[in-house]
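Working notes, beginning with the structure itself.
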Amino acid sequence: MSRRILLVEDDEAIAGLISMNLRASGMEAVWFPDGEQAELALRTDHAFDLAILDVMLPKKDGFALLEDVKPYGIPVIFLTAKDDLNSKISGLQSGAEDYIVKPFAMLELLVRMDKVLMRNQKTADVLYISGLEIHLQEHKVLKDGAEIPLKPMEYNLLTVLAKNRNIAISREDLLRLVWGTGYLGETHTVDVHIGQLRKKLGLHDRIVTIPKVGYRLEDTP
């Protein structure tokens with residue numbers, strides 16, 4: 001079952017971009033352009049795994065809307081142009097899980113969403129993608145019911161690609177997300193591990209090379 005994300009953002013272009021990327025990642029975005037509409041909708045529909053709230057919203061701002069979201073146990077990420085320290089502290093102290101300042105990278109938003117969902121135990125235990133089962137708790141991958149042995153970094157790389165399916169990720173970002181910010185190796189390491197994943201899992205047509213950028217794991221419904 002796909003994750004339902006409450007998105008409250010008055011900038012239609014930004015909302016459209018986020019919604020498109022969430023759909024590509026296998027999630028459903030339910031969008032409202034102002035805080036008042038979101039508040040009214042929550043009274044009858046509050047089955048959301050996560051809420052992304054702008055702060056400077058028409059009619060009812062994100063800080064006020066957070067108080068309407070809290071009773072339903074929905075974790076909140078603030079996404080806003082307010083980058084002053086007081087606003088950040090206020091947002092986090094009021095109960096938000098994270099505070100992201102615009103402009104932002106879509107990959108950063110998706111990764112932070114995943115972290116929040118994990119902290120709130122709302123991530124799926126198994127990812128189903130391109131004919132594979134990725135068991136997150138057991139750290140194992142099955143194909144047609146049979147386990148495919150992967151080295152730790154191969155598994156971690158596959159997991160990052162799968163959680164951000166249909167999203168192009170640069171080699172530099174893959175290095176940072178999989179090997180960590182302290183890794184001193186070259187981006188060629190990513191290419192070698194991608195080659196191993198393609199070979200072991202039969203993903204030659206699914207893990208697509210994006211010229212001068214990196215890679216994308218394609219998955220169609």
Side-chain angles (χ1 to χ4, degrees), residues 3-25 27-42 46 48-120 122-123 160 163-164 166-183 210 213-214 216:
R3 302 299 176 194
R4 294 186 79 226
I5 309 300
L6 173 64
L7 174 60
V8 190
E9 167 62 63
D10 63 325
D11 188 315
E12 188 171 351
I14 293 176
L17 178 64
I18 294 173
S19 297
M20 179 183 68
N21 281 275
L22 293 183
R23 285 194 300 271
S25 297
M27 291 180 272
E28 176 191 357
V30 180
W31 171 58
F32 296 97
D34 64 66
E36 190 175 89
Q37 288 188 43
E39 176 197 352
L40 292 173
L42 278 167
H46 38 263
F48 294 100
D49 297 285
L50 176 68
I52 300 174
L53 310 181
D54 191 4
V55 172
M56 296 183 289
L57 291 168
K59 299 181 181 179
K60 188 169 192 174
D61 69 33
F63 290 151
L65 183 60
L66 175 63
E67 299 306 313
D68 299 304
V69 174
K70 279 182 181 179
Y72 304 113
I74 304 169
V76 169
I77 293 177
F78 280 125
L79 185 65
T80 176
K82 291 178 69 66
D83 62 352
D84 61 283
L85 182 60
N86 288 337
S87 293
K88 292 179 182 178
I89 292 174
S90 177
L92 294 172
Q93 287 184 336
S94 63
E97 294 276 349
D98 207 344
Y99 191 105
I100 302 175
V101 176
K102 301 174 183 176
F104 60 94
M106 187 56 60
L107 178 61
E108 178 187 5
L109 174 61
L110 293 172
V111 169
R112 291 203 188 191
M113 287 175 61
D114 184 59
K115 296 296 184 184
V116 170
L117 289 167
M118 286 181 66
R119 284 200 300 268
N120 289 271
K122 292 192 175 186
T123 52
V160 169
K163 287 181 177 180
N164 301 285
N166 299 317
I167 305 294
I169 308 177
S170 70
R171 290 175 174 85
E172 291 76 15
D173 280 336
L174 288 171
L175 270 180
R176 177 173 54 84
L177 293 169
V178 177
W179 281 267
T181 54
Y183 181 72
I210 310 300
V213 178
R216 179 178 66 238

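All residue numbers refer to positions in the sequence shown, counting from 1. If you're wondering where the values come from, they're calculated on a predicted model, not measured in any experiment.
Counting heavy atoms from C-beta outward, K115 and R112 have side chains that stay 4.5 Å or more apart. Counting heavy atoms from C-beta on, the side chains of F104 and M106 come closer than 4.5 Å. For the pair I77 and L53, the minimum side-chain heavy-atom distance is 4.5 Å or more. No side-chain heavy atom of F48 sits less than 4.5 Å from a side-chain heavy atom of I5. Looking at heavy atoms from C-beta onward, F78 lies out of side-chain contact with S90 at the 4.5 angstrom threshold. Looking at S87 and Y99, their side chains come closer than 4.5 Å, going by heavy atoms from C-beta outward. At a threshold of 4.5 Å between non-hydrogen side-chain atoms, the residues K60 and D68 count as touching. Using a 4.5 Å heavy-atom threshold, the side chains of I100 and L79 count as touching.
Looking at every heavy atom in both residues, V8 comes nearest to D34 through CG1-O, 3.7 Å. Shown here for L57 and P33, the closest heavy-atom pair between the two residues is CD2-O, 4.3 Å. When all heavy atoms of S170 and D173 are compared, the pair lying nearest together is OG-N, 3.0 Å. In plain terms, the two heavy atoms of H46 and I74 that are nearest each other are O-CD1, 3.8 Å. For the residue pair A15 and L7, the shortest heavy atom distance occurs at O-CD2, 3.7 Å. The two residues L17 and N21 make their nearest non-hydrogen contact at O-ND2, 2.8 Å.
With sequence neighbours excluded, the residues forming a salt bridge (charged side-chain N to carboxylate O under 4.0 Å, His left out) with R171 are D191, listed by chain and number. The side chain to side chain donor-acceptor pair (under 3.5 Å) test applied to E172 returns no partner, not counting sequence neighbours. With sequence neighbours left out, the salt bridge (charged side-chain N to carboxylate O under 4.0 Å, His left out) criterion links R4 to E28, D45.
One finds the NZ atom of K59 at 11.5 Å from the CG atom of D10 (value rounded to the nearest 0.5 Å). Note that CG of L65 is 7.5 Å distant from CD of E39, once rounded to the nearest 0.5 Å. From F32, atom CZ reaches atom CD of E9 across 14.0 Å, with rounding to the nearest 0.5 Å. Here CZ of R119 is found 10.5 Å from CG of D114. Values are rounded to the nearest 0.5 Å. Atom CH2 of W31 sits about 14.0 Å away from atom CD1 of I52, to the nearest 0.5 Å. A distance of 10.0 Å separates CE of M56 from CG of D61, quoted to the nearest 0.5 Å.
Annotation: K102, atom NZ; neighbour count of heavy atoms from other residues, nucleotides and ligands within 6.0 Å is above 12.
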Side chain to side chain contact (heavy atoms under 4.5 Å, CB included) between L6 and L42, worked out:
CA-CA 9 Å; L6 173 64; L42 278 167; 4.1 Å; yes
Start with the C-alpha gap between I167 and S25, add the side-chain angles, then the distance that decides, and say whether side chain to side chain contact (heavy atoms under 4.5 Å, CB included) holds.
CA-CA 7 Å; I167 305 294; S25 297; 3.8 Å; yes
Side chain to side chain contact (heavy atoms under 4.5 Å, CB included), that's the test. Do N120 and E97 meet it? Break it down for me.
CA-CA 10 Å; N120 289 271; E97 294 276 349; 3.3 Å; yes
Please step through side chain to side chain contact (heavy atoms under 4.5 Å, CB included) for the pair M27 and M113, ending with a clear verdict.
CA-CA 11 Å; M27 291 180 272; M113 287 175 61; 3.9 Å; yes
